[in-house]
Amino acid sequence: MGKKLILSGVQPTGNLHIGNYLGAIRNWVEDQEKYDNFFCVVDLHAITVPHNPATLATDTYTIAALYLACGIDLNYSTIFVQSHIAAHSELTWLLNCITPLNWLTDMIQFKEKAVKQGENVGTGLLDYPVLMAADILLYDADKVPVGEDQKQHLELTRDIAIRFNHQFGGGETILKLPEPLIKKEGARVMSLTDGTSKMSKSDPSELSRINLLDPPDAITKKIKRCKTDSVKGLEFDNPERPECHNLLTLYGLFSDKTKQDVTTECQEMGWGQFKPLLTETIIEALKPIQTKYKEVMDEQGYLESVLSEGRQKAGAIAHQTLAKVKTALGYSLPI
Ligand code: TYM
């Protein structure tokens, strides 16, 4: 039997932060030898909220370069850009027509983001999860590694596939049901300025997140100013101390230490001792990523060739699935 297929993606909206890394990309890298992997830069999703046309293309390249810099290996993985393969948009339309509207209005992320847009909320934001379902279903993905915030979108993807198969499959499975792959540790990294809200690219405060390309002095400043408390000693899992839990978790993940080891090492520490330790650990962990990023960006034409190859490989699979779906819906395919 062949390897199982993984598909995932990140939006080119702003900088990638350590939440995106720990919740998603690091897990892609760790497991990639076991699977056949497809990682896309989801630039069609990026315009579901107001975006800047002047930076969309460079942001897209930055994310693709960061995939490579974080350790995505082209021997096991394919990297491509969502908008380069028209089948993503086309399947979205077809799936839209079988997706009940209330499934979309019920999505937590839509409700949260729509509030921020006020009256200007676009149809694309409502349709975001159908486009995500199309991304996944086009490749017959077995598993989708994401952070916890994407769990509901994956359940929706499965529901759409079940509905499609039931209505148009004639007893056959046309669209494969994917499984979410959400690791326990790092699936929900919290903001540095509020341990009860998720670290997010859209938080207006830069101090709330550490970006993968932040220089050491920015990381130092952000950790120095991050929210803590005045309790003595450091501990995990105290609901009264969400910041403490989050910062210890970050330390464990970036130093590859277990929760038990971190507890033993840090339980007697004060913030004055812990913060420099965390700062140093994160700076050291991000250094190889930043170095590799620069190498990838400096090699003229390299990224273009990676994405062009990715487009061909991914496009061939996507077009086959799209043809299957269109046939099931009763379309005559062009010869
Ligand atoms: P995006 O760009 O918002 O997030 C990319 C990935 O980062 C994870 N993530 C987090 N993980 C832990 N802690 C956080 N604070 C945190 N913030 C974000 C997200 O869960 C995600 O895995 N809708 C997707 C993009 C997408 C996609 C797909 C993913 C489009 N099509 C198909 C998988 C398969 C998203 O959230 O992008």
Side-chain angles (χ1 to χ4, degrees), residues 5-29 37-49 51 59-60 62-64 66-67 70 79-83 85 87-89 91-92 95 107-110 112-113 124-125 127-158 160-161 178-203 208-212 242 245-246 249-250 253 314 318:
L5 194 142
I6 287 265
L7 181 127
S8 198
V10 170
Q11 300 182 72
T13 39
N15 259 313
L16 278 198
H17 55 65
I18 55 174
N20 302 127
Y21 178 62
L22 297 173
I25 302 174
R26 187 167 121 139
N27 302 326
W28 307 352
V29 172
N37 310 275
F38 288 81
F39 299 120
C40 55
V41 183
V42 292
D43 57 346
L44 296 170
H45 280 103
I47 66 163
T48 56
V49 291
H51 82 290
D59 287 346
T60 301
T62 297
I63 303 291
L66 276 170
Y67 286 179
C70 289
I79 299 177
F80 66 99
V81 176
Q82 185 189 37
S83 70
I85 300 176
H88 288 250
S89 306
L91 183 61
T92 302
L95 297 180
M107 290 290 113
I108 297 165
Q109 213 165 61
F110 170 69
E112 283 173 359
K113 289 191 183 174
L125 193 63
D127 207 27
Y128 179 114
V130 183
L131 177 58
M132 180 163 163
D135 296 340
I136 297 166
L137 298 173
L138 274 176
Y139 298 90
D140 280 348
D142 294 287
K143 291 175 195 259
V144 183
V146 283
E148 200 179 83
D149 60 347
Q150 295 304 307
K151 197 167 169 220
Q152 196 186 31
H153 289 163
L154 283 166
E155 282 159 9
L156 182 92
T157 301
R158 290 172 61 90
I160 292 175
E179 302 274 347
L181 199 63
I182 301 174
K183 296 232 167 140
K184 200 163 153 264
E185 300 297 331
R188 194 171 170 81
V189 172
M190 308 309 276
S191 155
L192 295 183
T193 48
D194 174 5
T196 61
S197 67
K198 197 185 68 170
M199 184 176 285
S200 153
K201 292 179 206 155
S202 59
D203 191 315
S208 68
R209 59 185 164 265
I210 292 174
N211 299 315
L212 292 188
H245 179 84
N246 189 43
T249 304
L250 288 179
L253 287 166

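Atoms within a ligand are numbered from 1 in the order they appear, just like the ligands themselves. Side chains included, hydrogens not; waters and symmetry mates left out as well; all remaining heavy atoms used.
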Would a 4.5 Å heavy-atom cut-off, applied to side chains only, mark Ile136 and Leu154 as touching?
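Yes. Closest side-chain heavy atoms under 4.5 Å.
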Any Pro178 side-chain heavy atom under 4.5 Å of Leu137 side chain:
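Side chain of Pro178 against side chain of Leu137, heavy atoms only: contact under 4.5 Å found.
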Counterpart residues, ring pair (Phe, Tyr, Trp, His ring centres under 6.0 Å), relative to Tyr139 (two or more places apart):
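Checked Tyr139 against ring pair (Phe, Tyr, Trp, His ring centres under 6.0 Å); matches are Phe38, Phe80, His88.
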All ring pair (Phe, Tyr, Trp, His ring centres under 6.0 Å) counterparts of His45, not counting sequence neighbours:
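For His45 the ring pair (Phe, Tyr, Trp, His ring centres under 6.0 Å) partners, ignoring immediate neighbours, are Tyr128.
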Which N or O atoms of ligand 1 sit under 3.5 Å from a protein N or O, and how far apart is each pair?
from     : atom 1 : to     : atom 2 : distance (Å)
ligand 1 : 2 (O)  : Gln11  : N      : 2.9
ligand 1 : 2 (O)  : Lys201 : NZ     : 2.7
ligand 1 : 3 (O)  : Gln11  : NE2    : 3.3
ligand 1 : 7 (O)  : Asn20  : ND2    : 3.1
ligand 1 : 11 (N) : Gly19  : O      : 3.1
ligand 1 : 13 (N) : Val189 : N      : 2.8
ligand 1 : 15 (N) : Val189 : O      : 2.8
ligand 1 : 15 (N) : Met199 : O      : 2.9
ligand 1 : 20 (O) : Gly147 : N      : 2.9
ligand 1 : 20 (O) : Asp149 : OD1    : 2.4
ligand 1 : 22 (O) : Gly147 : N      : 3.1
ligand 1 : 23 (N) : Tyr128 : OH     : 2.6
ligand 1 : 23 (N) : Gln150 : OE1    : 2.9
ligand 1 : 31 (N) : Asp135 : OD2    : 2.6
ligand 1 : 36 (O) : Gln150 : NE2    : 2.8

First locate atom OG of Ser200, then atom CZ of Arg209, and finally report the distance between them rounded to the nearest 0.5 Å.
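Spacing of OG (Ser200) from CZ (Arg209) equals 6.5 Å.
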Taking side-chain contact (heavy atoms from CB on, under 4.5 Å) as the test, write out the residues that go with Leu156, two or more places apart.
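With sequence neighbours excluded, Leu156 shows a side-chain contact (heavy atoms from CB on, under 4.5 Å) to Trp103, Leu104, Met107, Pro129, Ile160, given in chain and number order.
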